[in-house]
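Structure, as structure tokens:
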Amino acid sequence: MSISITLPDKSVLNFDQPVTVQEVAESIGPGLAKATLAGIVNDKKVDNGFLIERDAALKILTPDSPESLELIRHSTAHVLAQAVTRLFSKVQLAIGPSIKEGFYYDFDLETTFSPDDLVRIEKEMNKIIAEKIPFQRLEMTKAEAMALLKERGDTYKIEMLEGIEDDHVSFYQQGEFLDWCRGPHLPDTGKIKAFKLLKTAGAYWRGDEKRPMLQRVYGTAFPKKDELEAYLHRLEEAVRRDHRKLGKELDLFSFSDEVGAGLVIYHPKGAAIRYALEDYLKKEHVARGYQPVIGPQILKVDMWKTSGHYQMKYPMYFTKIEEQEYGIKPMNCLAHIMIYKAKTRSYRDLPLRLFELGTVHRHEKSGVLHGLLRLRGFTQDDAHIFCLPDQLLSEIKGIIDFVDSTMSLFGFTYELEISTRPEKSIGSDEDWEQATAALKETLDQLGLPYDINEGDGAFYGPKIDIKLHDAIGRSWQCATIQCDFSLPARFDLSYVATDGSLKRPVMLHRVIFGSLDRFFGILIEHYAGAFPVWLAPTQVRIIPVSEQQTPYAERVADQLRQAGIRVDLDSRNEKLGYRIREGAKEKIPYLGVVGEREAANNQVALRKHKEGDLGSIDLEALREKLTSEIANRQ
RNA sequence: GCUGGAGUAGCUCAACUGGUAGAGCAGGUCACUCGUAAUGAUCAGGUAGUGGGUUCGACUCCCAUCUCCAGCUCCA
């Protein structure tokens with residue numbers, strides 16, 4: 001009997017009898033043998049002890065393999081669970097998967113974990129790692145497993161096992177600790193080189209708020225210490241850039257207990273940035289053939305019944321005027337639909353692109369509010385495109401082009417996701433299929449890769465979501481394109497076709513920023529509060545060296561202001577160094593110092609944020625420089 | 001909404017086991033008139049998120065409520 005094993009480089013190794021992954025590694029070399037964590041046999045991840053019994057393709061996983069990360073984290077989760085069972089009595093294990101940035105493990109225990117506990121658990125974990133305990137795989141039938149779990153009283157595991165189809169399952173044992181688990185795992189606990197417990201939190205069993213609240217411990221692990229440190233540094237960086245903190249420090253916006261949760265108040269500096277963003281949007285929409293419109297804040301409740309929002313229990317606010325019930329708009333589409341309906345439309349009128357900076361209100365649950373990123377009242381750069389079915393593709397292409405140019409303006413990369421029909425939805429199956437196909441076809445034609453997010457569409461149609469990546473690698477959902485056959489039918493929209501018959505238009509809902517408020521919050525973190533000139537609330541600050549230059553400084557500020565530049569003056573009775581420091585702390589792009597020399601020569605000594613002194617330039621040159629940078633959105 | 005934590009001057013924070021609150025920065029005033037990241041002096045500022053309760057007495061204990069933070073669930 002002979003077994004041939006094909007390695008990723010297509011080379012083939014032959015063995016006389018079944019071999020384990022580890023043995024294959026040993027036959028290649030001692031270095032690899034030592035580094036081997038696990039293997040991938042015919043696309044399936046397995047332990048290093050997995051016995052290969054027939055011809056197979058094998059990839060050996062070492063700490064350098066990207067596929068190892070998940071493995072390392074999952075095994076670290078097991079070590080966490082082992083440590084917790086050592087330190088706490090009466091613990092029930094629930095579930096402990098690896099996740100995008102690390103891992104967690106959910107426990108059911110009577111007390112809640114304190115920060116001190118976290119330190120204790122971490123210490124115990126380090127002990128377990130130092131012990132280099134092997135992970136051993138035990139296989140058995142489902143019935144045997146069930147008996148074992150019942151004997152141990154593992155109620156959560158029993159519930160999970162009941163949902164499993166396979167007849168054979170596995171357990172993993174490391175020392176005294178045994179856990180029902182699919183695996184695979186590292187060879188032994190000593191292979192864990194860099195981990196950290198991050199936080200504890202409550203989490204419902206299976207995410208269901210009616211089920212018991214468990215204690216979740218979050219942590220992360222990496223193959224190498226420096227990778228862990230880089231990750232922890234990134235977390236610190238995210239804290240440093242937190243838009244809620246910067247918003248307060250830079251005096252951009254505030255929230256108030258008296259006003260209410262989730263309702264943002266923009267201060268002058270924050271509003272300056274908002275207006276700059278709105279100006280960009282308005283100009284860009286008009287240039288792309290959209291027509292700006294304005295709808296009312298509240299609409300009679302019957303409108304929301306026709307649209308389906310009411311029956312769908314969309315989280316809206318309602319109010320009454322003389323016994324007539326009104327709904328405060330959570331979306332802008334209805335007024336746009338009424339504009340379409342205001343007169344008979346011909347196929348010649350389509351596509352009709354209506355755009356509005358529409359402020360909407362949604363009754364978000366209190367626990368989800370989060371700075372500017374999750375509000376109860378926010379403004380969307382919302383547009384609705386009414387078009388012929390055969391215009392759908394080109395319209396979607398146009399929107400994607402818009403998204404692309406906007407993302408590159410801010411330096412965001414992005415990826416696409418198509419979300420399909422959710423459980424709570426309206427419309428016929430055919431319409432959903434047609435709409436979903438249209439979205440896929442467009443992206444296919446454009447050659448753009450995308451993921452499918454099943455069941456995550458809007459209630460009236462499927463959507464393309466755009467996830468952007470910011471300066472420190474986090475992703476955010478902002479832009480979305482939704483294809484809708486339902487609302488045109490519900491509101492009985494029609495156009496006169498070439499043959500004189502009445503036909504139904506298709507509707508696209510789309511946003512580019514999504515919520516201006518959220519986008520602003522993301523920008524604050526993206527730029528770490530140091531906005532480019534075109535967005536900065538104060539684009540240049542003029543600082544006279546001493547009182548004698550104040551009149552000249554006022555003239556400089558005034559001339560720049562006349563040119564439409566956001567300029568201010570700091571002629572306070574403070575030392576120059578002090579005022580430079582203040583300007584730097586406020587992250588103002590340019591500081592213009594004027595002393596005796598500048599006043600005599602009609603010049604300004606320019607200092608750029610983060611870059612320092614640029615030397616003196618003529619006032620006229622400064623005006624042109626700033627005007628051009630602002631116009632080019634630099 | 002749920003679980004846990006928090007709420008002291010504009011901001012950041014402090015005050016032993018209950019005995020009616022302090023500092024730095026910011027702000028006002030004065031002096032200095034200053035050349036690229038903190039000049040000095042001085043003054044003012046809070047009754048402790050809000051409402052109840054316990055107590056001779058509460059910032060400190062209890063209850064309710066509001067808001068914030070972390071997570072769950074949900075979402076632009």
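Side-chain atoms are counted along with the backbone in the values below, which use heavy atoms only and exclude waters and symmetry mates. Each chain gets a letter, A, B and so on, in the order the sequences are listed, and its residues count up from 1.
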For [N], take OP1 and OP2 only and decide whether either is under 4.0 Å from a side-chain N or O of [X].
{"X": "A/His509", "N": "B/A76", "result": "no"}
{"X": "A/Tyr218", "N": "B/C72", "result": "yes"}
{"X": "A/Arg244", "N": "B/A70", "result": "yes"}

Run the salt-bridge test on A/Arg274 and A/Asp517 with the 4.0 Å N-O cut-off and return the result as yes or no.
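Yes, this pair counts.
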When we call it a touch if two heavy atoms are under 4.0 Å apart, what does A/Gln482 touch: a base, just sugar-phosphate, or nothing?
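Nothing: the residue A/Gln482, judged by heavy atoms under 4.0 Å, touches no strand.
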By the 4.0 Å heavy-atom rule, please label A/Leu375 as base, sugar-phosphate, or nothing.
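It contacts base atoms.
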Got a donor-acceptor contact below 3.5 angstrom from the A/Arg376 side chain to the A/Glu364 backbone?
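Yes, the answer is positive, given that a donor and an acceptor are paired below the 3.5 Å cut-off.
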Grab the [atom1]-[atom2] distance between [X] and [N] for me, whole Å please.
{"X": "A/Arg572", "N": "B/U39", "atom1": "CZ", "atom2": "P", "answer": "11 Å"}
{"X": "A/His370", "N": "B/U67", "atom1": "NE2", "atom2": "C1'", "answer": "16 Å"}
{"X": "A/Leu576", "N": "B/U33", "atom1": "CG", "atom2": "P", "answer": "16 Å"}
{"X": "A/Leu263", "N": "B/A76", "atom1": "CG", "atom2": "C1'", "answer": "15 Å"}

With sugar-phosphate taken as primed atoms, P, OP1 and OP2 and all else as base, the protein-contact string of nucleotides 1-11 of chain B at under 4.0 Å (heavy atoms; B, S, -) is BBS-------S
